[in-house]
Enquirer: 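To start, I am sharing the structure in question, which I have written as C-alpha cells.
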Amino acid sequence: MSGIRFRNCAMAFLLIVTRSSFAQSPPQPPPSLPVITNHASDAYAIYSLLVPHTTRANSSSSQRVAIADTTVSIDDMQTAAGPESELQPPSGSENAFHEALQDFYARRQERVQLQHRFKLDRPYDLVNGEQLAEFRKSLGAYASLTLFSQVYFNHTQTAALVYSVSVCATPCANSRWIYLEKRDGQWVRGFSSISDPADTYAIYSLLLREDPYPGSPQKQGSLAIADTTLNITDMNPAIPPDGQLQPPPNNANAFQEAVQDFRARRFERLQLKRDFHLDADYTLLNAGDVATYKQTQNGYPAVNFFSEVYFNSKQTAALVYRNVFCGRLCANGQWIYLEKQGSQWVRRSGLNI
C-alpha cells in the first residue's frame with residue numbers, strides 16, 4: 001500500500017526540489033515552454049479543486065498559497081513508476097482509467113507553463129524556479145505550496161489522472177496520484193494513492209452493519225447512503241476530529257497522523273461506488289435524491305452521510321465523520337476513530353454531538 005508520506009515539511013520539500021528540475025540554481029522557465037491549450041478549462045477546474053482551500057468563513061484571509069508555475073514531468077516525481085503502480089482501475093470505469101493512463105504515457109515527459117486561471121477562495125501566487133528554491137528554507141508568508149503534473153484525460157474528457165505534491169506550514173506533506181471523474185458537469189475526486197479503497201469501504205460497511213439507522217425511531221426499511229462524501233464545509237458544526245475526540249493514550253501518534261490527513265484533504269469530496277459489504281441491499285442517492293428525501297422524508301428510514309476516511313501513514317488508524325438524517329426526529333453527526341487489528345477494523349471511539 002502506498003500511503004500518505006508524512007514527514008518534516010522542510011525535508012519533504014528538499015527531496016521534492018532535489019528530484020525536480022528546480023533544484024541547484026534553477027533556471028527560469030524558457031520562453032518557449034507551452035501553456036495548456038487542449039481542455040484547459042477542465043485542467044484548471046481540477047487544479048483548483050485540489051489546491052488546499054480555506055473555510056468559507058475565512059475566505060477573506062490574506063494568507064496566500066503558492067503554486068509552482070511549471071508542471072512536473074515523470075522525471076521530477078518521487079517515483080518513476082506511473083499511476084497504475086499506486087492506483088487500481090475503478091469498477092465500471094476501467095476503460096476511462098486506461099485511456100487517461102495512455103494519455104499519461106504519451107505526454108509524461110512534457111512540462112507546461114501554468115497561467116493565472118485558478119479559481120480559489122484565497123489569493124495565490126504562481127512561483128517560478130528561483131522562488132521555489134527559497135522554499136527549501138521555509139514556506140515564508142505562504143500557507144501552502146502545491147506542485148502539479150499535467151492533467152491526463154480519457155478520450156471524452158470525463159476521466160482524468162493528475163499527480164500532486166502538497167506542502168503546508170504545519171507538519172504535512174504528501175505526494176499522490178489522483179483519479180477524478182466528471183459528473184453532472186463537475187469534477188469529483190474518485191480516489192487517490194493516499195489510501196486503499198478496500199479499507200475505506202470496509203470502515204463504511206462496519207459502521208452501517210453495527211447500526212444502520214442511529215437515532216432513528218424506525219429501524220426497518222431500505223438502507224440509503226449519499227453517493228458523495230461530506231467535506232468540512234458540509235459538517236454542522238464544522239469541527240475537526242481533534243476538536244471532538246481525544247487521542248488514545250497508547251496510539252496518539254497514529255491518531256495525530258490521521259488528523260493531519262484530514263487537514264490535508266478536508267475540502268475534497270469522494271464519489272462513492274457500490275463497493276459496500278452489507279447484509280442487506282442498499283441505495284446510493286445522488287444530490288437530487290437527497291434533496292427530494294429531505295423534502296418528503298419518504299422511502300427510507302434515514303439517509304447516511306460519510307466523510308472520506310482519513311488514515312495514518314501505515315493505514316492502521318482512521319478517522320471518519322458520519323451524519324444520519326431522518327427529518328426532524330433525528331440528526332446524528334459524529335467523528336469516529338478506528339484501529340486495524342490484524343485484518344479487521346475495530347471502532348475505538350466516537351462521540352455524538
Side-chain angles (χ1 to χ4, degrees), residues 90-93 180-191 195 197-239 241 244-245 262 265-310 318-338 344-347 349-353:
S91 176
S93 299
L180 305 98
E181 292 183 350
K182 197 172 189 179
R183 299 179 181 273
D184 300 323
Q186 300 294 320
W187 286 99
V188 178
R189 190 174 69 82
F191 60 94
S195 60
D199 277 327
T200 292
Y201 285 99
I203 288 170
Y204 292 152
S205 300
L206 169 68
L207 299 179
L208 289 166
R209 288 195 302 268
E210 284 185 345
D211 192 351
Y213 317 109
S216 173
Q218 182 181 346
K219 296 297 184 180
Q220 294 182 343
S222 301
L223 183 61
I225 307 164
D227 74 350
T228 303
T229 58
L230 305 174
N231 72 8
I232 185 65
T233 64
D234 305 316
M235 300 174 188
N236 186 18
I239 183 171
Q244 184 183 100
L245 301 176
F262 158 76
R265 299 193 288 129
R266 66 191 184 277
F267 290 99
E268 298 177 359
R269 295 186 179 91
L270 177 70
Q271 188 79 24
L272 299 180
K273 297 183 180 292
R274 292 189 60 85
D275 289 340
F276 295 80
H277 300 285
L278 303 174
D279 299 328
D281 193 19
Y282 62 93
T283 302
L284 292 180
L285 304 185
N286 61 31
D289 297 331
V290 170
T292 299
Y293 176 79
K294 288 185 174 180
Q295 289 179 348
T296 65
Q297 295 165 34
N298 292 327
Y300 309 99
V303 176
N304 286 272
F305 297 84
F306 290 103
S307 70
E308 294 187 50
V309 180
Y310 307 104
L319 287 161
V320 62
Y321 181 87
R322 182 186 185 185
N323 188 38
V324 180
F325 179 84
C326 57
R328 297 180 180 178
L329 297 176
C330 71
N332 180 4
Q334 61 181 170
W335 277 104
I336 300 165
Y337 173 69
L338 307 97
Q344 301 296 317
W345 285 96
V346 177
R347 178 171 172 167
S349 63
L351 177 67
N352 289 342
I353 54 176

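Note: hydrogens, waters and symmetry copies are ignored here, and every other heavy atom, side chains too, is used. All of these numbers come straight from a predicted model, not from anything done at the bench. All residue numbers refer to positions in the sequence shown, counting from 1.
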Enquirer: Write down the atom of Asp199, the atom of Trp345, and the distance for their closest heavy-atom approach.
Expert: OD1-NE1, 2.8 Å

Enquirer: So, does Asn304 use its side chain to make a donor-acceptor pair with the main chain of Pro212 at under 3.5 Å?
Expert: yes

Enquirer: Side chains of Leu285 and Tyr300: closer than 4.5 Å at any heavy-atom pair?
Expert: yes

Enquirer: Can you tell me how far apart CG (Asn286) and CZ (Arg183) are? Round to the nearest 0.5 Å.
Expert: 10.5 Å

Enquirer: Out of curiosity, Trp335 CH2 to Asn323 CG, how far, rounded to the nearest 0.5 Å?
Expert: 12.0 Å

Enquirer: Can you sort out the partners of Thr292 under side chain to side chain contact (heavy atoms under 4.5 Å, CB included), two or more places apart, ordered by chain and number?
Expert: Thr296

Enquirer: Mark yes or no for whether Gln271, through its side chain, and Val188, through its backbone, hold a donor-acceptor pair below 3.5 Å.
Expert: no

Enquirer: Do Tyr204 and Ile225 have side chains that get closer than 4.5 Å, going by heavy atoms?
Expert: no

Enquirer: What are the two closest heavy atoms between Leu207 and Ile336, and how far apart are they?
Expert: CD1-CD1, 3.7 Å

Enquirer: Please give me the minimum heavy-atom distance between Leu272 and Tyr201, naming the atom from each residue.
Expert: CA-OH, 3.4 Å

Enquirer: Is there a side-chain contact between Leu338 and Leu206, using heavy atoms and a 4.5 Å cut-off?
Expert: yes

Enquirer: Taking side-chain contact (heavy atoms from CB on, under 4.5 Å) as the criterion, tell me which of Ile203, Leu208, Leu230 meets it with Phe306.
Expert: Leu208

Enquirer: Return the OG1 to CG distance between Thr283 and Asp227, rounded to the nearest 0.5 Å.
Expert: 11.0 Å

Enquirer: Around atom CD of Gln344, are there more than 12 heavy atoms of other residues, nucleotides or ligands at under 6.0 Å?
Expert: no

Enquirer: For Leu245 versus Ser349, what's the shortest heavy-atom pair and its separation?
Expert: CD1-OG, 4.0 Å

Enquirer: Go through the steps to decide whether Tyr321 and Ile232 satisfy the test side-chain contact (heavy atoms from CB on, under 4.5 Å), and finish with yes or no.
Expert: CA-CA 10 Å; Tyr321 181 87; Ile232 185 65; over 6 Å; no

Enquirer: Atom NZ in Lys273, atom CD in Glu181: separation rounded to 0.5 Å?
Expert: 4.5 Å

Enquirer: Taking the six-membered ring of Tyr282, is the NZ or CZ of Arg274 close enough (under 6.0 Å from the centre) and on axis enough (within 45°)?
Expert: yes

Enquirer: Considering only heavy atoms from C-beta outward, does the side chain of Arg209 approach that of Asp279 to under 4.5 Å?
Expert: yes

Enquirer: Kindly give the heavy-atom pair with the smallest separation between Ala302 and Val324, and that separation in Å.
Expert: CB-CG1, 3.6 Å

Enquirer: Ignoring hydrogens, what is the shortest heavy-atom contact between Cys326 and Pro301? Give both atom names and the distance.
Expert: CB-O, 3.1 Å

Enquirer: When the ring planes of Tyr293 and Phe325 are compared, do they come out parallel, tilted or perpendicular, using 30° and 60° as the limits?
Expert: perpendicular

Enquirer: Return the CZ to CG distance between Arg322 and Asp211, rounded to the nearest 0.5 Å.
Expert: 6.0 Å

